[in-house]
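One structure is given below, encoded as structure tokens.
Numbering starts at 1 and runs along the sequence shown.
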Amino acid sequence: MNRPVLLVIAHGSRDPRHSATVQALVRRAGALRPGLRVETAFLDFNLPSVPGVLDRLAADGVRDVVALPLLLTRAFHAKADIPAVLRQAPPSLRIRQAEVLGPSPLLIEAVERRLYEAGLAPGDKSTTGVVLASAGSTDPEAIAVIAETARELRRTGWCSVRPAFASASLPRTEDAVRALRAEPGVRRVAVAPYVIAPGRLPERIAAGATGADVLADVLGPSRELAALLVERYDGARAASLPVAHTA
């Protein structure tokens with residue numbers, strides 16, 4: 001039986017590094033599952049567009065698609081934008097929308113990888129405070145997930161972890177850095193961008209991290225994220241998730 005095509009849907013950005021990072025991540029995920037057809041599409045700013053890829057898949061005779069939102073939380077894009085565009089797909093396509101990436105232990109591992117790559121070591125955990133800096137959202141569910149992710153990261157042994165947001169929510173990165181400086185036992189402060197690819201909001205996070213000792217890189221095409229894409233794909237195939245479009 002043919003496997004469904006994996007269609008990874010990213011938001012898109014005017015920053016060319018964003019699409020390059022997304023494509024690198026998707027290639028790495030595809031390499032984990034030889035023979036699986038993997039496609040990338042963007043909601044805005046970049047090509048190919050989601051409708052364009054869906055039309056091409058239908059023209060190629062594809063019948064089953066797993067649409068995977070390249071999002072860390074289940075906010076407006078996952079709840080509204082992506083389902084809306086998938087409902088406009090050619091009627092020959094049967095589409096299942098996979099779960100968003102977060103929360104997941106693999107994301108915690110990816111954050112820690114970036115912190116270690118930035119110069120920290122496991123032995124630094126007990127004296128280091130971490131700002132988990134995300135893009136931000138007005139969706140309470142998304143904010144709650146970021147807060148829980150910060151708690152999960154703290155449970156791995158860091159002295160303290162505080163969430164922060166580049167937009168839409170508070171506190172900002174610089175406020176969380178200052179708050180960590182005042183906490184007992186915190187000897188150094190690190191900022192971990194909880195975003196997938198470079199762009200305007202990660203730049204805001206970096207600007208707010210000037211008072212920190214360490215600034216980690218974005219999550220990017222890490223092996224943990226690549227494995228998570230495949231995990232979400234498998235989950236959508238196995239579960240009775242809502243079908244976004246049925247012939």
Side-chain angles (χ1 to χ4, degrees), residues 21 25 70-75 78 99-228 231:
T21 300
L25 173 60
L70 195 64
L71 302 168
L72 297 176
T73 60
R74 191 172 174 271
E99 297 289 350
V100 297
L101 301 183
S104 168
L106 286 168
L107 290 171
I108 300 294
E109 293 175 22
V111 168
E112 292 200 301
R113 170 186 294 279
R114 295 305 186 222
L115 286 167
Y116 296 150
E117 289 172 349
L120 294 173
D124 298 323
K125 280 187 165 186
S126 63
T127 55
T128 301
V130 178
V131 177
L132 187 71
S134 76
S137 174
T138 57
D139 189 302
E141 179 183 352
I143 297 302
V145 167
I146 297 299
E148 178 57 29
T149 301
R151 288 190 288 270
E152 289 297 323
L153 183 60
R154 167 69 180 81
R155 292 183 186 110
T156 68
W158 298 96
C159 182
S160 182
V161 179
R162 287 177 175 260
F165 307 94
S167 69
S169 310
L170 295 174
R172 295 286 184 255
T173 302
E174 54 269 33
D175 299 326
V177 169
R178 283 194 294 269
L180 283 173
R181 287 282 184 210
E183 287 196 23
V186 174
R187 297 180 187 171
R188 70 188 65 79
V189 175
V191 173
Y194 193 61
V195 292
I196 294 173
R200 178 175 56 87
L201 294 179
E203 287 180 352
R204 283 190 192 175
I205 291 171
T210 55
D213 303 294
V214 174
L215 172 61
D217 200 358
V218 297
L219 300 177
S222 67
R223 65 174 180 234
E224 293 85 2
L225 258 68
L228 184 53
E231 182 178 295

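Residues Arg204 and Ser167 have side chains that never bring a donor and an acceptor to within less than 3.5 angstrom of each other. Side chain to side chain, Thr210 and Glu174 fail the donor-acceptor criterion of an N or O pair below 3.5 Å. A side-chain N or O of Arg188 and one of Thr128 form a donor-acceptor pair less than 3.5 Å apart.
The side chain to side chain donor-acceptor pair (under 3.5 Å) test applied to Glu148 returns Arg151, Arg155, not counting sequence neighbours. The salt bridge (charged side-chain N to carboxylate O under 4.0 Å, His left out) test applied to Arg114 returns Glu117, not counting sequence neighbours. By the salt bridge (charged side-chain N to carboxylate O under 4.0 Å, His left out) test, Glu203 is found to be paired with Arg17, residues two or more places apart in sequence or in another chain being considered.
Leu132 pairs with exactly one of Leu153, Thr173, Ile108 by the side-chain contact (heavy atoms from CB on, under 4.5 Å) rule, that one being Leu153.
Among all heavy-atom pairs drawn from Val131 and Leu180, the shortest one is CG2-CD1, 3.5 Å. Heavy-atom minimum distance, Leu215 versus Ala209: CD1-CB, 3.9 Å.
Ion pair Asp175/Arg178 flagged as a salt bridge, since at least one NZ, NE, NH1 or NH2 atom sits closer than 4.0 Å to an Asp/Glu carboxylate oxygen. Here Asp213 pairs with Arg181 in a salt bridge; the nearest charged N to carboxylate O distance falls below 4.0 Å.
Atom CD of Glu224 sits about 10.0 Å away from atom OG of Ser104, to the nearest 0.5 Å.
Residues Leu219 and Leu72 have side chains in contact (heavy-atom distance under 4.5 Å, counting atoms from C-beta outward).
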